Each structure stands twice: as C-alpha cells, then as structure tokens.
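A short worksheet on the structure shown next.
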Amino acid sequence: MRKAIIAGNWKMNNTAAQGVELVEALKPLVADAECDVVVCVPFTDIPAVSKALAGSNIRLGAQNVHFAEKGAYTGEISADMLKEYGVEYVIIGHSERRQYFGETDETVNKRMHAALAAGLIPIVCIGESLEERETGKTESVLDVQIREGLKGLDDVSKIVIAYEPVWAIGTGKTATAEQANETIGFIRKTLAEVFCPVCAEKVRIQYGGSMNAKNCKELMAMPEIDGGLIGGASLKSADFAAIVHYNK
Ligand code: 13P
C-alpha cells in the first residue's frame, strides 16, 4: 500500500513573508492529513518557512539542487545548504527547468544522485509535450526519460516520480483521470522492467498538471496515481488543503 503524497510547487511565487503567511494558514487546515504533505518553496523562503513549519506535519521541499557538494557554480544551491534548514524533498527536472534552463536527462540524473547521497528525497519530474502526445511519442519519450534520468539508481522506491504532461501544466487542461492513470501505469511497468517489479510497486508516482480542488478526487481515485504535484492551486491555502483532503 503506497502512502499518498500531495506536494505544492510554489514555483517563483511568494516572498519569504508571503510564504510564512501561506503556511501559517495551511497548518491548521491540514493538521489531520492522512497523506504526506509537502511544500516546495523558493530558495529564499526556505529559512523562514522552515521555522514556521517546525512541529507541524508539513514537510519542506526545494525546487532544485546542484550536483556538486560545493564549488564554482554561480547561482546554484547544494544539498548541504538545503539540509541545514530541514529540507527533506527536492523537485528535480521539472519541465520548466528542462524547457527554459537547459536541464537534460543527464543533469537530472546527476542532481538526483547528489540529492539521494545527501539524504534528500528527489521528486523527479517526467512528461511529454503536446506535440509528442499528438504524434504518438508519449511512451518513447517517457521511456528515455526513465532510462537516462534514473540511470544508476539502486532502488527506485527511494524517489518520488511526478508525471507531468507538459501540455497540462498551468493551462487549465488536465489529463483525464483515465489518461493519467494509463500513462502512470506505463511508467510503473517500465520501472519494473528497468529496476525491479517489487520496487516499481513501491514507488510513489504523482500526477501534476492543473490538478485542483475540483478534479483531485477523480484523479486520486485512480489506482496508479499516488499523489499530486500542484502548482497554481498550491498558492491558496484553502485550495491546497482541499486537495490534501481529496478523500473527504
Ligand atoms: P499547475 O498545477 O499550475 O498546472 O502546475 C503543475 C506543476 O507544474 C507542478 O509542478
């Protein structure tokens, strides 16, 4: 039985003060959550939000991590820097990083290994573009992202995978629950082949892309979908809390 994990990806939203305000509002709303609850916040919000979350059931995540322990990598953040503030999760390879900042399966792979070595739980994002879906390439694209991006992983159940079809992100266009379930089923089948059937059954795979308070119930009812990575709807405490309580 896989425990559901609902994570907010704030992206480049909320100053530290605004972030604290948001989590203060969120804490009482999700205190009785049955699933794992995570907020992935901008780097500059981490110290203040970490303090605000102390003693709560909300776990802290970052939105990226560099693969080197330290050194001449201007503008980057290391795993140790995150760990010092109690960060436990880190998003890696979000499609916006791949699209706008030159992230590749190779850099995703390096960042994932660095995160794991430091004891962080990577949330590795994979997903196809609209053109790839429309030309029937979804499965081959995901297959490459899995084989290359997760290369060298001894146990795939140590990570969380987020399936985020690029065409569903921030567009209000959600994959249907059936589409998401079918594609995540394909991802799990591939993981069983590449890694092992037992760890493929254990790994948690989230859906991400315009998931909201209205459609979360139907998506989460699908057997393959173990959680959500939420963008826009994670910026409002009531909306995010409603998703956390998808089964109520
Ligand atoms: P939206 O929920 O805003 O579509 O964003 C999804 C996402 O990219 C989460 O990482």
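No experiment lies behind these values; they were computed from the predicted model shown. Values below: every heavy atom of this structure, side chains too, minus hydrogens, waters and symmetry copies. Along the sequence shown, residues carry numbers from 1. For ligands, and for the atoms within them, numbers begin at 1 and follow the listed sequence.
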Tell me yes or no: between the side chains of Thr107 and Glu103, is some donor less than 3.5 Å from an acceptor? yes
Numbering as shown, the atoms of ligand 1 that approach Ser210 to under 4.0 Å (heavy-atom distance): 1 (P), 2 (O), 4 (O)
Identify whether the distance between the nearest side-chain nitrogen and carboxylate oxygen of Asp239 and Lys214 falls below 4.0 Å. no
Numbered atoms and elements of ligand 1 in range of Ala168, under 4.0 angstrom, heavy atoms: 4 (O)
If we only count N/O pairs under 3.5 Å, is Ile230 in contact with ligand 1? no
For Lys11, is there an ion pair with Glu96 - N to carboxylate O distance below 4.0 angstrom? yes
Give yes or no for whether the N/O distance cutoff of 3.5 Å, strictly under, is met between Thr171 and ligand 1. no
Is it the case that the side chain of Asn14 and the backbone of Leu22 share a donor-acceptor pair, with hydrogens and angles ignored and the cut-off at 3.5 Å? no
Atoms of ligand 1 under 4.0 Å from any heavy atom of Lys11, numbered from 1 in the order shown, are 5 (O), 6 (C), 7 (C), 8 (O)
Please identify which atoms of ligand 1 are closer than 4.0 Å to at least one heavy atom of Gly209. 4 (O), 6 (C)
Which atoms of ligand 1 have any heavy atom of Gly170 under 4.0 Å away? 1 (P), 3 (O), 4 (O)
Could you tell me the residue and atom name of the protein heavy atom closest to atom 2 (O) of ligand 1, and the distance to it rounded to 0.1 Å? Gly231 N, 2.9 Å
Which segment of Leu229 sits under 4.0 Å of ligand 1 when only heavy atoms are counted: both
Among all protein heavy atoms in this structure, tell me which lies nearest to atom 3 (O) of ligand 1, with the distance rounded to 0.1 Å. Gly232 N, 2.8 Å
Is the backbone N or O of Tyr85 less than 3.5 Å from a side-chain atom of Ser50, with the two atoms forming a donor-acceptor pair by type? yes
When you measure from atom 7 (C) of ligand 1 to each heavy atom in Glu164, Glu96, Lys173, Met211, which option holds the nearest one? Glu164
Classify the side-chain pair Glu34/Asn247 by whether it contains a donor and acceptor separated by less than 3.5 Å. yes
Under a 3.5 Å threshold, yes or no: a donor from one side chain and an acceptor from the other, between His94 and Glu164? yes
Going by atom types only, do Tyr163 and Glu128 share a side-chain donor-acceptor pair under 3.5 Å? yes
